[in-house]
Each structure stands twice: as C-alpha cells, then as structure tokens.
Peer 1: 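One structure follows; several queries about it will come next.
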Amino acid sequence: MDFSYTILIPLIPLALFVILGIFSKKIPASISGWMGSLGLGVTFVLSYYTAYQYYLNGKVNGIYQTFVYKINWMNFTDKLHIDMGVLIDPISVMMLVVVSTISFMVHLYSRGYMKGDDGYTRFFAYLALFSFSMFGLVLATNLFQIYIFWELVGVSSFLLIGYYYTKPSAVSAAKKAFIVTRFADFGFLVGILIIGYYTGTWDFQELNAVDHETGSLVLNWASTSFMGLSVITWALILVFMGGAGKSAMLPFHIWLPDAMEGPTPVSALIHAATMVVAGVYLVARLFPMYYFVEDGFALQIVAYVGAISSLFAAIIALTQHDIKRVLAFSTMSQIGYMILALGVSKYEGHEGLGFMASMFHLFTHAMFKALLFLGAGSVIHAIHSNYLQDMGGLRKYMPITHITFLIAALSISGVPFFAGFFSKDEILAAAYENNMLIYISSVFVAGLTAFYMFRLYFGIFWGKEKKYEHTPHESPMSMTIPMIFLAFMSIAGGYIHFSKYVTADHMPFEAHLNYYLAAIASTVGIIGIILAYVFYKKENNLSERFSHAFGVFYKWTYNKFYFDEIYLFVTKKIIFGLVATPAAWFDKNVVDASMIGIGNVTESFSEKIKGMQSGKFQDYAMGFISGGVVIAIVVFYLWIN
Amino acid sequence: MIEGISIYEILTLSSILFFIGVYGFFTRENLITVLMSIELILNASAVNFVVINTYLYPDFLQGSVFSIFIIAMAAAETALAIAIIINLYKLVASVEVKDTQKLKY
Amino acid sequence: MNLESLLLMRYELGLLAVILLLIVFEIFLPKKQKGSLITIGIVLFAIHTLVGFLPLNDGSIFGGMFKTNAILHFFKSTLNIGVLILLLQSADWLKEKVVQQNKSTEFFILLFSSLLGMYYMISSGDFLMFYIGLELATLPVTALVAYETFKIDSAEAGVKFILSSALASGTALLGVSFLYATTGTIYFDAMAEVLTISNLSVLGFIFFFSGLAFKISLVPFHFWTADVYEGAPISVASFLSVISKGAAVMILMILLFTVMKPLMPVWTKIIYMVTIATMFIGNLFALRQKNMKRFLAYSSIAQAGFILLGFLSNDQLGYTTIIYFVAVYIFSNLGAFGVVQAISTATGKENMDEYEGLYRTNPKLSLVMMLALFSLAGIPPLAGFFGKFFLYAAAASQGYYILVFIAVVNATISLYYYLLVIRAMFLRKNPDAIPFFKSPIFMRLGLILTVLGILIAGLYSPLYEYIFSISNSFLN
Amino acid sequence: MDILSLFVIVPIITVIALGFAKGLKQSRIVALAGMLVQLGMSINLIFAYLKERAVNDDIMIFVKDITWYEQFNIHYNIGVDAISVVMIVLTAVIVVAGIFISWMVDDLPKEFFISLIVLSTGVFGFFISLDLFTMFVFYEIAVIPMYLLIGIWGSGPRENSAMKLTLMLMGASAVLSVGIFGIYFNSNAGIDGGALTFNILEIAKANIPVAIQNLFFPFVFIGFAVLGALFPFHTWSPSGHASAPTAVSMLHAGVLMKLGGYGVFRVAMYLLPLGALNWSDFFLILASIGVVYGALGAIMQKDLKYINAYASVSHLGLVLFALLMYNKTAWNGAIIQSLSHGLLTAMFFALIGMVYGRTHTRNVSELGGLMKILPFIGAVYVITGLAYLGLPGFSGFIAEMNIFVGSFQHSDTFHRILTILAVSSIVVTAVYILRMVGKIMMGPLSNPEYANLPKATWFEKVGLIMLLIPVVIIGVLPFGLSEMIKDSIEPFLERLL
Amino acid sequence: METILFYILAALIVIFAIATVSTRKILRAVIYLLFVLIAISGIYFLVDYSFLGAIQLTVYGGGVIVLIIFSVLLVHHIELELEVTPLKKKLIAGLISAVGLGITLWAIFTFPFTNATTYKSIEVDDIGRKLLSYGEGGYILPFEVISVLLLAVMVGAIVIAKGKKLNE
C-alpha cells in the first residue's frame, strides 16, 4: 500500500510558512488566520486518514510494516549520507495524529486568542513553521534528518517564545530555551557522529533491524569500548542527552518554565503536547538499539533520569503560583513518566508493555495537557494575569472553561474512566514489573500530580472572588470549540486499545488492566484530590501553616531547588568570568600586544641608534675606516680558518 | 732602487704615513687641517705606486704614471675643497668642524 | 687607430660636444636670454640621448684602457634617460633659483662632466681610468652639492661630501696600490689572470671596495649620504642617489665578476655582511625621518642593500637582475624625487607632515608619489616588485634563504615607512594643505616618463629579456 | 579572448572607465555596470564549466598559458577547477552586493570604487591563476588597496588599524615569498632534465625531498593562513574590520580572507604534501584553538564588528581545521564553509553597516529593539544570525556538518578530541549570536531617538537579498554543489592520501 | 749611504707628519706639511724618479701649499690657536688608526715580494712618450680626460667662489 501522499503533511505547513512569512506585511490578519487553520485542517484530515489506513491494513501476518519514501539529499562519504523522506510506522503515524490534532486545535484557538495582536500573521507563520518542522521530525527516516528537524523545531520554538520580542523576559526566555537545548544537541550531534562512524549508517531501519532468532541487533560494529562502555552505548547516552534537552529532563529542564513567556497557545502546542515529547519519541524511535546494546545499559540511565525528573518536577509544581509554570512542571513530570516507562520497558511482545504505555501516555497526555493550557489560556485571556493569587471563583463566569478544565484535571490525576487513568496505569504496571523503586516513586508522583492539579483547579474556579477590573467573560467560540474537542479526546482517548496498534516490536498484543495496581494508583490520586480540596477549596491558612512547617524545604521547592541559580553561576561566573574574559584579555594584552610590540621595538631601536649619525663628518670617517678594518678582521678570521 | 732598503720598509713608511693622515683626518678640528691630512693620505698612495713600480715591476711604468695623475688629482681636489670651505666661511664665518654639524640624525 | 674605432667613444665624445656647445652658448648668448639656456641644454642632451640609441659595436681602444660593449651601451643610455628626466624635473628649479644667479650653464657643465666621468668609469679598462673616471664623476658633483652658495646647509653638505669622498678615494687608491703590488698590473684583464687570494690582495680589495661602497653608500660607508642629500639641492641629491649610485653599482658588478673573480669566496662573505647591515641600518633610520630628502636618502641606502642581493648569484640571471633593478630603481626614485622637487620648487616645503592632505589638493602629484613609493616598496604590478622578486630569486638560487628572509622582513619594514608618506598624503585631512598648483610642462613630462617606466618596466617582460640577452657581454 | 582572462580584464577596464567618471552618481553606475558584467560572466562560468567538465577530465580546465619571464620560467598561466569557480562566483556576488551597500559613499566616491575594484581584480586573478608567481602578484594586488580603503574611508582608529592590517598581511606575503622560492628552486626535483617552474601542476609532478618540504611548508602555510586569521596571527582582523567601511569589511571578510584557505589548499598542501602531513598536527592544534578561542572572544565583545570579526576567526579557523583533517568530506565542508561564511559574514557586515549608518553606534549595550523600527533589517538580521549559528536550511549547516562528519572519520583519539572541541563551538556560537540579536533587535527600544530611523532603502534590500539567496540555495539543495566540488577534490586526495 | 739617507727621510716624514696632525698652530701645520712633502720628493729622488720628485716639489710646494696658506690667511689671523681635540676622541682615533696600521703591516709582511732582478731608472722622455701615445701602454686617454676634469673642477671652483647672495 502507498503512503507517499504523507509527504504532503509536512509540505503544506511549509508552503503556508513561506507564503505567510514573505508577505507577512501584505496579508490582513483575518485571511492569514483562516489560511493557517485551513492548511492545518487539511493535514489533520490527512493524518487521520493515514492512521485509519495504516492501522486498519498496515499489517502483514500480524506485524505492522514500515513504509519508507525518501530521496538522497546529501552525501558525506560513500557510506554516510543524508536522506530526506517519510517513514511510516506505528509510532510515527501515532505522532502524526497527535501533532496534527493539537496543531489544528491550537490554530483554531489562536484565531480567537491572538485577535487584535499586531504580528498576527507572523504568529501564524511561526506556527506553520513549527508544524512543518514537527511533522518532518516525526516522519524522519534517519538520525540526521531527525537532527535537522530537531534544530528547526528548536528555532521555531525560539521564535514563538520570543514572539513578544519587546518584552525582555520573553527574549531572555527564548534565548535560554534555544541555548540550553542547543547545548543538549551538542551531545546529540556527537552521538550521531559516533554512530555514523561505527555503524556506517544513520538509517533507522538499518539501525533498528532486529534479528529475531538471536534476539539481538542485526547491525554489527567494531565494538571498541571507551571507559568501560561500548562506544555505541556512549553514543546512545549522548543522543539521549539531546532528547533530555528537548524534553526538559533533568538537568536541562530549566528552559521549560521560562518558555511560558510565549503566547499560551504556543505553550499548549509546543511546550505541552508536541515538541517536548520529541525526546520520548527519539528514544522510542531508537528503542531496539537502546534495548539491545549492552543489555540496555543506556536504557537504565534513561529510566532513572525519567523517574527522578518526574518526581522532582512534581514536587516543584506544588509551590508555584504562576499557573502556567505549574502546568509546565506538570508537563515535565508527565514526560518523566513516559521516559521512565520507556526505560523500564522490554522489547518482545507483552514485555514491551512499557513502550506501549509510554506512547499511550504520550497520546493522552498531549490531549489533556493541551486542554489544560488552552483552559489556562482562556482564563488568562479573561483576567489578564497568570497568578493564582489574582484568581478565584471563576466558575460562574466561564462555565465551559471550567468544565473542560475539570475534565482535564481529572484525567491527568488518573481518576478512573478518564484517559489519563488508563495510560498511567499501564506505565505503573510496567514499572511494577521491572523496577520497584521507580514504581514507588511513580505512585507518589501520581498523588502529587493530583494534588497540585486540583490546587490549581480549586484556586482558579472556586475560592473567593478577587477584584477584576472588568468582569471576566467566557472566551469566544473560536477558543471554546477546540477545548471541547480536546475534552472529548481526553476522555475517549483512554479507550483506544493502544497495545493493538503501537508496540515496540510492531506486533500487537493483548494488554489488560491490572486492577490491583489501578486501584492503588487511583486511590493515591483521589487522596491527593481530597487533600487539595481540604487545603484550597475554601480560603484558609492551612497552606501557609504547612509551608511554614516545611520551612526550608518549602523555600527550596519554591525556588526550584536553585537550578537556575546554579546555571547562572556556571555560565556567568565560570564560562564568562573564568574563560571568556581571560581569553579576551589574553587576546588584547598578549597576542595583539606582541604584534604591536614588534613595531614599537623597531621604532625605539631606530630612535636609539640615531646617535650614529652624529652630524660630525669625522665620526663618519671613523665609521668608514673602522668599518673597513672590521670587515678586514672578520674576513681574515673567516678565511684563515 | 735604494740598496739596503727592501720594499717592506718603504711600504711600512707609506702605511704609517697613510694612517697618520687618517688619524689627522679624525682628530683635527679645523677643516683646512683636515684637508692637509688628506694630502698625507694621497701622498702615501703615490709613494706606494712609485716604489712598487720601481722595486717589483720596473718593466712597465704603470705605477709611476699613476702617481703623476694622483698628484694632479690631489691638486684639483684641494682647489675645489678650498673653494667650498671658503664658501662656507663666507656664510658662517668659521671653518671649524663643529660648525658643520647642522645636518644630523 | 682610426676614426671609427674612435667612434666607440661616441657617448663620451657626444657629451663632450654638448659641454663645449654649452660653453659657447654661455659666452655668446646675450645676458637677458640666459633663461633659454636651460631649454637649449635639455634639448642638446635629449639629442645626445637619442643618438645614444644608435647601434654600436663592442671593442676596446687605447690599449684596453677604454672598453665598450652592449651592456655598457644599454647602461649608458639608461643613465642618459635618467639624467634627461632629472633635467626635465629640475628645469623650473633652475629657472627659479639658478638663472638669476647666472649659474645655469655651469650647472649643466658640471652635471654633464660628472656624467662623462661615469661613462669613463664604467667603461674603463684599467684602474687609472677607473680612478680618473671616479674622480671626474665625484668632484663636479661636490661643486653641485655646494651649489646653493647662499644656503648654509648646502655649503656644509659640500664640505662634508668633498672631504669624505677625498678620504674614500684615498683609501681606494691605497687598496689599488696593494692590488698593484700583488699583481704587478693595473689593467683589468691582466690582473684578472694573475690575481690570487693573499692577505695583501684581500686587504687591497677591501680598501678598494670601501672606496666604491662609499659611492653606492653601503653601510658602514654610508654616513655622508643623508646629510649631503639633505643639504644639497634636490636635483643634485636625486642625481647622487640615482645616477651616480647606479653607475657605481655597474662598475662594482663589472669589477667583481671580472677582475675580482679570483677573490669571489672572499667578497661573497663581505657582500653578505654588508647587505644585511645596509638593509637594516637604512630601514631603521628611514623610519624616523620627517624631511623628505633625508627620508629618500635612507630609503635609497636600503635599496642599495637590496641591490647587493643580486651579487650573490654568480650567473647571468644575477647580472641581468642587477642591471634591471638599477634601471627600475632609477625610474622609481626619480619619480619620488621629482614630486619632492615639484612641491619644493612651488612651495618650498620639504617635510612629510607638510604633505598632509596633498591628495585632495594635488591628486596627480600624489598619485605619482604613491606609484613611485609602491614601486620602491615592491608592490605589484609596479616595476619595483619584479626587480625585488628577481633579486630575491637571485639570492635564493644560491641557497641564501636566510638572507632572503632577512630581506623580506626588511621589505616589510620599508613598506611601513613608505606607507607613512602615503598616509600623510592620502589619509590625512588637512585644512591648510598645500594648495593646488600647476606644474610646468617640463616637470610634468619628467614625471610622466617616470610613471611610464614604473608601469611598463615590470609588466612588459621584453625589457628584461633584452638585458638578459646582452648581460654577458661585459665578461669578455 | 578566453573566458577566464576576462575576469581580470573587465575590472581593469572598469577602473579605467572610473578614471573618467565624475562624482558619486557616475562612478557608482560605472562600477555597478562593470561588476554586473563580472557577475554575469561568473554565473555563465558555472555552466560553461559544467559543460566543459563533462567532456574534459583534466585537473584544470580553460587553461591558458602565456610565457611571461622565460628566464625564470614565469608564465601567465590560468585555469579553473570547481573550487576556483565557486570562489569566483562568491567574489562576484559579494562585490556587487558591496557596491550596492556603498551606494551612498560620500567622500571621494570615485577613488573608493577604484580601490574596491582593484582589490576584486586581485582576488579574481588569484583564483584563476595556476602559476605561483602570477598568484603571488594578484595576492599582493588584492591586499594593498585595503590600506587606502580602511585608511581613507574607515572610522575610529582607522590609520592604525589600516597600518596594522597592511603590515601583517604584507609581512605574511613576504614570508610566503620565501616559501615560494623554496618550492621554485626544488620544483624540478626528481624530474631528470626538468626545468625550474612556477607552474603548480608541473610542480605537483616533482617529488620534492621531504626535508625540503618540512622546511618550507611552515612558510607557505603561515604566509597564507595569516590571511585566514590563523591563531595567533588574527589580531589584524578585528581592528581592521572594526575600522573598515562596510563594503570593505564585506569584501575583506567575505572574500579576501578566503584567499588564505584557498592558498593553503592549493599551494601549501598540494605542493608540499609530505611537509603538510608532518606539520598537520601542530597547525591543527592552532586551528582548533582558533575555532574555540574566536568564539569565546566573540562572547565578550561590545562592538558589533568585533563580534563578527572574532566569529570570523572562529569560522575560518574551522576552514583551516577541516583542511588539515585530510578527508574528502572535511575538505568539501571547508570549501562550502568558505562560501557560506563569505556570504553570511558579508551580510552581517552589511547589516551592521546599516544599523551603524542609522544609529551611529555599534555598541551592543547602546542598541536595542530595532526590530520594531527597522522590520526588514531586523528580520534579515535574525535570519542571518540563525544561518550563522548553523541552522539547517542554510549553507552554514551543510558546511559544518560536512566538516564534523568528515573530521570524525579519523580513528585516532587526537583528531576525535579536536573534532568534538570544534563541535562544541556551535554552542558558543549560539550564545554570542543570540546575545547580539536578542540585544540589538529585540527587547525594548533602547533610545527614543531611534523611534523614527529611516527604513531600509531599495539598494540595501537588493544587496542583502542577493547575498541571502545563495545562502538558502546552498542550504536547501546542497547536493549539486558538493558533487561539483568533490570531483575537483579528487586530485588533492590522490596526492595527499 | 742611501740607506742612511732613506732612514733620515723616513724619520723626517713620520715626525713632521705627526707634527702636522698634532700641532695647534695652523700655520706651523702647513709648514710641517711642506716638510713632509719635500721629504717625500726626496724619496722619489732616491728611487731615481727625479721627474716625479720635481713635480712633487712644484705642484705641492708651489701650488697646493701656497693655496692652503692663502686660504689660511684668508680665514684666520696668524698664530691662531686651534682648539684642542678631546682626549677620548684622540684615543679612539689613535686606536682605529693603530689597528688599521697593524693589519696593513701584517698583510704586507705576510706577502712574499720578489724584488725585480732588472733595474732601470725612469727617464722623463720615456714618461712623456707614454703620456702621449695611444697604443698599448699609452696614457693619452687619461691625460685628455684629466684635462676635462681640471676644466670641470675649475668651473666648479669658480661657480662656488663667485656665488653672490640671492637677494643682491
């Protein structure tokens, strides 16, 4: 069967971007909004059609086939080359669905949200650019293509975070996001180089080809080892470094909270649903390698990074006041879930539960997290503030927002029968089967998640009303419709049998709910909700008391464990202070000075010897005769011996 | 050919004469006396030519003729030099070496 | 001995004729028309120059005392052209300053007799003629140096020059006498056969060499140069730095490669030392100069150092390159001196910082100056570059890479001070810059000739080819 | 008249024509006309080249050989391979763009354009010549006008910068000349009865003794690499660029500095392969120091032009780095890098010039929020910045990836470490580029007076777009270019590996 | 006999030469110089080159010395004390001259001169023929050229001497 038409999916946004970008001055706002939404609508339809086609009849004797359409884009060596093309397999199709859905919804939403903003067209151009890059990323056929679009995604996120470029905070956030991820990509690139050198290919099919008899990779490489680990393991770790950068895992997470400076739809699209899960996608993409190379040593690291990040983020999220930041940390924590799920997963059949769970959670999370952001967006739209303190009792003013937000919150907290419940349960199951420690922390995180989500929920929609300069009102249709759709998805999403579609080895298997684990998880979640209810449903000083009780710990949490400060110290003090400044000094006072010095020495020397020309011709005569005599002496000396 | 006197003595004499002239050229503070030292120098060479000719290569008179020209040249040089010195005297009313140090460095 | 053999001395006789004609004019021209004497002198000399281009066959007369051959020809003609340009450039200086002192004819006579002396010097066949030629080339110039009798500088320079040169020629004489003592002859050909390396001959050579080095102003025999150039009238300074230096280089080359050939192992060492010293001293002193004449004096010392590089390669390329470079150098230096002359005559200004902003007022002069200086610095595509490059090649061909390296370092230093002048003229903006003035026709002609030389001599290789084809002729 | 000599003749004619032009209007028209012809010819040259190359597999094609000084066996000998062709095109593009950018030069316009075109003549001649002597001549012709261009039309401490630049570059060329003699006088080694020659292709046939090669490689290499801003000989570049007028900075950083890399490749490494191999490690270390060091230096600078100058040190360090890596891919990358850096840095200098011309300051801390006022310039500035830090879709990415992948093909740790060091520069690059862009284009308007700065004029736009187009073309469709270059690299490969 | 005579002359030459360059009375210096020149002419007579001796006497004694004396009288009053040269300078000059002399003598004495066996005195008419013949060993060319030189020098001397101030 033929999926070549999927090439259109990235190309349509690209065309949009070019048109909108070049004529951004000419095209009036209304048109550009429509153009963007329309274009993404088409991709939306295409993606769903692809998914339908693929999952329905993409199987050959029970295994999902991989379809690749590519052209050779550039040759490095006779072996190494970059192809550009599309690769259709379960996870890429699933990602297509996610991305197109969210992107389409956000486009629709933005038409309302961004109304009246100058640079409206520019905004849609950026969105189009992002969608293009993201589609290219998920459809990438090889490691280098993924890197290319990886960078493009990064830059479009830079542009979108810095959309309000007159706001210094926005600019610095954009720079931070770009530079941090860039630093991570440095690792990614080196990893790519190593893989390229040792395996001689970047093509995913070749890299991931698994020999089912021996249960190992077909691929073989000169197994040189470096510091006790095989180079490929190093490469995979470095590649994951890139993934961690994009997915805001520890220690590269610092950019994500600041990224909330961007317009809220952007946060929803990029920093909640799609771009940030690129890291997860990358690991999933290379899962066979991660799993088989040195018995998944790299995978272990992935698992722990995920677990720690999720816990860490959840704790921080408890204390933040900026609702978008809370959501950002929750995103980070949820992505940690996915990562750890991958980390604890295995390859074959039902063993690969974690993989499936991770993808499943990626899907559902995209839906409800996007929804949460859009909701937060509409709230902010209404009262022009991000801060929890300024909110309260909004439920009567904006019912739709309220309901949809509630659904999303329930879903993320893992309350039964909502999407999040199912996916999270699978993750926990996977963790339970493989790694007790991680399992426990994940359960704890589940509780925390429920708590802070409902802290938000109650804080925004209940509690006592604040003074609003003008009475808040429900957002326009253009914004609410997407929210409603996403709300629907974040319930219905859970009932998709993912294990039938998306698995590590492309072979469907039967995954069924592990009621005993599910019970634990959901109870923990509900406990969290109840606590939140107690603390924040009504005005009371419980929370203050609590925070006082935890004094230092609270302070640390509130300051995000001082990660920003550490980074600041490293960059400002060490890189700038201890490296760059001395370098500049050295350049000025040593290198350049020496060059100038040569000149000055010559000058001063010529000043010194000017006495030779004393103006007295008798001295000249002495010079003359003694010169002759000296020459004579030297010559006789030279020439007698 | 002076018997009892080999060429070495005479060449020694002329060399001494030459370097006395050089010494004078170095040390005299008065342009005219410097001029005289030059006369010594030229004479030294003249003596050389004559003596070498007569002692070593009497067959041709190259040296002797040469010395004649040297003397003529010396005279011409002196004349011109004195003209120039006098011109300087007209301008600065002095023929001291120390008054010819305006151009330097 | 018959007439056509006498015609071998065509240059000399022609110049003598010019001199005598001038004396006649001087005597019979009425007082008020003395001004036209300048034109007459120049025209006569131009004719002489043209006549010089007529073919002439080699030969030697007066018992080998006077030789002539193709390369000497070429060189005499080159000197003629140089002198002609120089006369053109100094024409209006003569008009301005000299005529009213009623000294113009004498100027020509002295200049020409000095040139005559150089003719005899370079085509001399024995040391006597060489010595007389040398003196004839020097003494009139001493008079010319002191020519501006109302200027103290001029008089001082004259004194310094005549006394120093007397000492130099005395030393050279002593050296010749020693050479004569060791070989028993003063004829070049004869001496070349019997000369051998011995203490006395080497000492004689050194004394003799120092006498000649004095004229080429090689370190440490150069001290007179700057003072004399500064004191002398510009025309005379440029005559010293271009014509007489060129002639001295020529005869030095002839002597070293013919008569002194047996001493080659010795004199290569000497040349080596002297080259390094000359380049460094010349450049280091030139760095600080503010007076243009003095500046050019030191620059010409440095240039002499470069010329010596050519002596290190004992083959036809070496000879060719030396002569070629001398020719090129004549054009370049005359260009520089010409501009200085023009400005000095028009405004009396001779200092570098008085040149500031010159380009904006007198662009053409500045351009000529720039070309000349770039040519001296060896910037392509000007002639000087080719000359320098070939000189380096000559030295490198014998494996003197260290010397070449030193030379290129010095070339860079020299570029620095040449750029100082460019800076003053082009980069600086100066409200009270030298105002625009229109140079007279002679001056413009002279400058145009130099510019043509600078531009063509390098890019147009046949010149070099021609010199190469004849450059061996002085050996026999 | 053969197709290549025109590249020297047309500029000369233009210069002569300029001699008769009067005032700004005439001069710029004349200059533009001449250089447009040049540009047309160079575009045409690509196709002519491809056509000829299909049927002709000599190393050099369109060869024309005229004896000049036969005693020294000096010829006016020209010919091109793909590398020269792309360099010529680059030059033509940048020169035309430069003329557009300096459309409004007020002081001595005629002389300005004359010097500019004389400089470009030297560059064109350098790229087409196959004879060391001719090459050297054009090299110096290209360098010396910088003195006037910076000195007369420059800003700030123009006189000193001009002097420093000129002396360092001419000193380098002096060193180079020693190396050239070293090559010349051994150019017939191993060929019985062979004559000494300056002809590169001839010399390549000789096998010069390795001792000689070791002796003279440093001379030739340094002689060229100083122009390529090799650490520690780069200090002429920041001050020189800072003082130079816009078009000159463009031309100098864009084209002239490429002579360094080109010369290293075509002369030093091609003619002295063994010496190159023996010295490569040493110079490789210098080059990689330059890569990182330049980037670090750029972080700390306040003056926009200084930032860009140090960035150039870093990026050209990458070129030398790649050349010394002895790897086809890396070389390919080096050449593309030369192109891309040429175009990008030219754009940067053009933009800086525009900003400076309007705000009269280049100090980063005084500028800010210009995007709102100057949307076009701001947008192009951001694009250039992103391209400069190696964003896919632009030429910089292609170049860097080729270099990195190629360099990483070495199996020994030494080259690996250096490669990773070089890769790390992309992070630092991102830092200073974003810092600059973020500060001057984004953020609040730093100075209320900037509120009504004039928008970009048509000729500024044309100049920028001319430069941007090839950047994007190379970035999106690299295959054609790299294929074209690759088969010209083959001979070097055979010789060196 | 001649030997003694030579030594006497040599002694005179050296002594008076030293006196010439060291006396502080300029007129005396001239006279000492005259003695030196005469002594040198004595040497010429000793080697039977009386013609040159005569020339020496006439040209120097008659011409040059007189010229010098005139100029001295022109620019000084008699009995003028020359100022003393600083000792340091004297020492340096002496050193240089001594070293030079040393090298010269060393070079001379290391050279094996072979005295000619044949000996003939130099006759005046012989000189005259040579001076006027143009064949091999003839010196007419120098003779002619030096006349030009004398002319030039004369002109030069006159020009310099007559030079009147520009403003007159």
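We name chains A, B, ... by the order of the sequence lines, and we start the count at 1 in each one.
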Peer 1: Any chance you could lay out the side chain to side chain contact (heavy atoms under 4.5 Å, CB included) test for Phe624(A) and His222(C), step after step, and finish with the verdict?
Peer 2: CA-CA 8 Å; Phe624(A) 182 96; His222(C) 69 289; over 6 Å; no
Peer 1: Is chain C contacted by the side chain of Phe605(A), its backbone, both, or neither, given a heavy-atom distance below 4.5 Å?
Peer 2: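 Contact with chain C involves the side chain of Phe605(A) alone.
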Peer 1: For a 4.5 angstrom cut-off between non-hydrogen side-chain atoms, does Phe285(C) reach Ile609(A)?
Peer 2: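 Yes, side chains in contact.
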Peer 1: When rounded to the nearest 0.5 angstrom, what distance separates OG1 in Thr225(C) from CD in Gln613(A)?
Peer 2: 7.5 Å
Peer 1: Check Gly627(A) against Pro220(C) and note the closest heavy-atom contact, atom names and distance.
Peer 2: CA-CG, 3.5 Å
Peer 1: Is Lys79(A) atom NZ crowded by more than 12 heavy atoms from other residues, nucleotides or ligands, each under 6.0 Å away?
Peer 2: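 It does not: Lys79(A) NZ has 12 such atoms or fewer within range.
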Peer 1: What's the verdict on side chain to side chain contact (heavy atoms under 4.5 Å, CB included) for Ile631(A) and Phe221(C), showing C-alpha distance, side-chain angles and the deciding distance?
Peer 2: CA-CA 12 Å; Ile631(A) 289 178; Phe221(C) 314 107; 3.9 Å; yes
Peer 1: So which atom in Phe636(A) and which in Asn199(C) form the shortest heavy-atom distance, rounded to 0.1 Å?
Peer 2: CZ-O, 3.6 Å
Peer 1: The test is side chain to side chain contact (heavy atoms under 4.5 Å, CB included); show your working for Val634(A) and Lys269(C) and say whether it passes.
Peer 2: CA-CA 9 Å; Val634(A) 172; Lys269(C) 291 193 185 72; over 6 Å; no
Peer 1: With only heavy atoms counted, which part of Val630(A) is less than 4.5 Å from chain C, the side chain, the backbone, both or neither?
Peer 2: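 Val630(A) has no heavy atom closer than 4.5 Å to chain C.
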Peer 1: So which part of Thr171(C) gets closer than 4.5 Å to some heavy atom of chain A, the side chain, the backbone, both or neither?
Peer 2: side chain
Peer 1: Testing the basics here: between Ile206(C) and Gly628(A), what is the closest heavy-atom pair and its distance to 0.1 Å?
Peer 2: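 What the structure gives for the nearest pair is CG2-O, 3.7 Å.
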Peer 1: Should the ring pair Tyr620(A) and Phe223(C) be called parallel, tilted or perpendicular, given that the plane angle runs from 0 to 90° and is split at 30 and 60?
Peer 2: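 Judged by the thresholds at 30° and 60°, the geometry between Tyr620(A) and Phe223(C) is parallel.
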Peer 1: I'd like to verify something: which residue of Ser614(A), Gly599(A), Gly615(A), Ser626(A) has the highest number of heavy-atom pairs under 4.5 Å with chain C?
Peer 2: Gly615(A)
Peer 1: Where does Val274(C) contact chain A at under 4.5 Å (heavy atoms): side chain, backbone, both or neither?
Peer 2: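 Val274(C) touches chain A through side-chain heavy atoms alone.
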Peer 1: Heavy-atom distance under 4.5 Å to chain A: side chain of Phe161(C), backbone, both or neither?
Peer 2: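 Nothing of Phe161(C), per the 4.5 Å heavy-atom cut-off to chain A.
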Peer 1: Of the listed residues (Asn283(C), Ile413(C), Leu287(C)), which shares the most heavy-atom pairs with chain A below a 4.5 Å separation?
Peer 2: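 That would be Leu287(C).
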Peer 1: What heavy-atom pair brings Ser164(C) and Phe617(A) nearest, and what distance separates the two atoms?
Peer 2: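 Closest approach of Ser164(C) to Phe617(A): OG-CB, 4.4 Å.
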Peer 1: Contact part of Ala168(C) toward chain A, heavy-atom cut-off under 4.5 Å: side chain, backbone, both or neither?
Peer 2: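 For Ala168(C), the contact with chain A is made by backbone and side chain together.
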Peer 1: Is it the case that over 12 heavy atoms from other parts of the model lie below 6.0 angstrom from the CZ atom of Phe257(C)?
Peer 2: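 Check passes, neighbour count above 12.
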Peer 1: Between Tyr416(C) and chain A, with a heavy-atom cut-off of 4.5 Å, which part of the residue counts as in contact: side chain, backbone, both or neither?
Peer 2: side chain
Peer 1: When only pairs under 4.5 Å are counted, which of Leu203(C), Ile281(C), Val159(C), Val266(C) shares the most heavy-atom pairs with chain A?
Peer 2: Leu203(C)
Peer 1: Do any N or O atoms from the side chain of Arg288(C) and from the backbone of Ser606(A) form a donor-acceptor pair under 3.5 angstrom?
Peer 2: yes
Peer 1: If you count heavy-atom pairs under 4.5 Å between each of Lys616(A), Met612(A), Lys610(A), Gln618(A) and chain C, which one has the most?
Peer 2: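 Answer, by heavy-atom pair count under 4.5 Å with chain C: Lys610(A).
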